[in-house]
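Here's the structure we're looking at; comments come further down.
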Amino acid sequence: MDFKILDASAFYAGVPFRSSDIWYTTSLVFDEIKHIKKNHDALGILLETHRLKIREPDKKGINEATQAAKKTGDYPQLSKQDISILALCIENEGEIVTDDFAISNVAKNLGLTITPIMTSGIKDVGRWIHYCPGCKTNHPNGVECPICGTPLKRKLIKD
Ligand SMILES: [Zn+2]
């Protein structure tokens, strides 16, 4: 079964808005991305037409994802949103659409399928910036926020 799971980076890159596939995500990720203003209506339509489905991973999946992330050393880079995506993928033997390096690394170690955003048929992309999930600032590059020390995440900006 096709069980395609979107992490936050996939939403920021606009993946679900450009295809008629059915996508899954977790409520943690949905809460993180639902305020993307320009896609606000588009998100509502995806939900209404059942092209975006929200599922909760169970505790067993969360534990398994957490253990795997600790084993690969990616755990400090991962938010609870990221862990929820990995857990959902473990439980449903799905595939994760992401450009997040830490998620991809843990998923590969678990033998899960990864579809990088750049190769998922999304061509007209913008440029990547690094953003801080802690203090909500943007930075041109780096791995750690120079302001608050939170690990930076990448997102795509449309010019
Ligand atoms: Zn910060």
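Ligands are counted one by one from 1 in listed order, and the atoms in each one are counted from 1 as well.
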Ile22: partners by side-chain contact (heavy atoms from CB on, under 4.5 Å), with sequence neighbours left out:
Tyr24, Lys53

Under the salt bridge (Lys or Arg N to Asp or Glu O under 4.0 Å) rule, what pairs show up with a residue in residues 130-146, not counting sequence neighbours?
none

Verify, without hydrogens or angle tests, whether Asp58 (side chain) and Gly61 (backbone) share a donor-acceptor contact under 3.5 angstrom.
yes

Is there a side-chain contact between Cys132 and Cys148 in this structure, where contact means two heavy atoms from C-beta onward sitting under 4.5 Å apart?
yes

Counting distance only, does the side-chain N/O of Thr25 pair as donor-acceptor with the main-chain N or O of Phe30 below 3.5 Å?
no

Within-2.8 Å protein N/O/S contacts of the Zn ion (ligand 1)
Cys132 SG, Cys135 SG, Cys145 SG, Cys148 SG

Tell me, which pairs form a salt bridge (Lys or Arg N to Asp or Glu O under 4.0 Å) where one or both residues lie in residues 64-92, sequence neighbours left out?
Asp82-Lys153

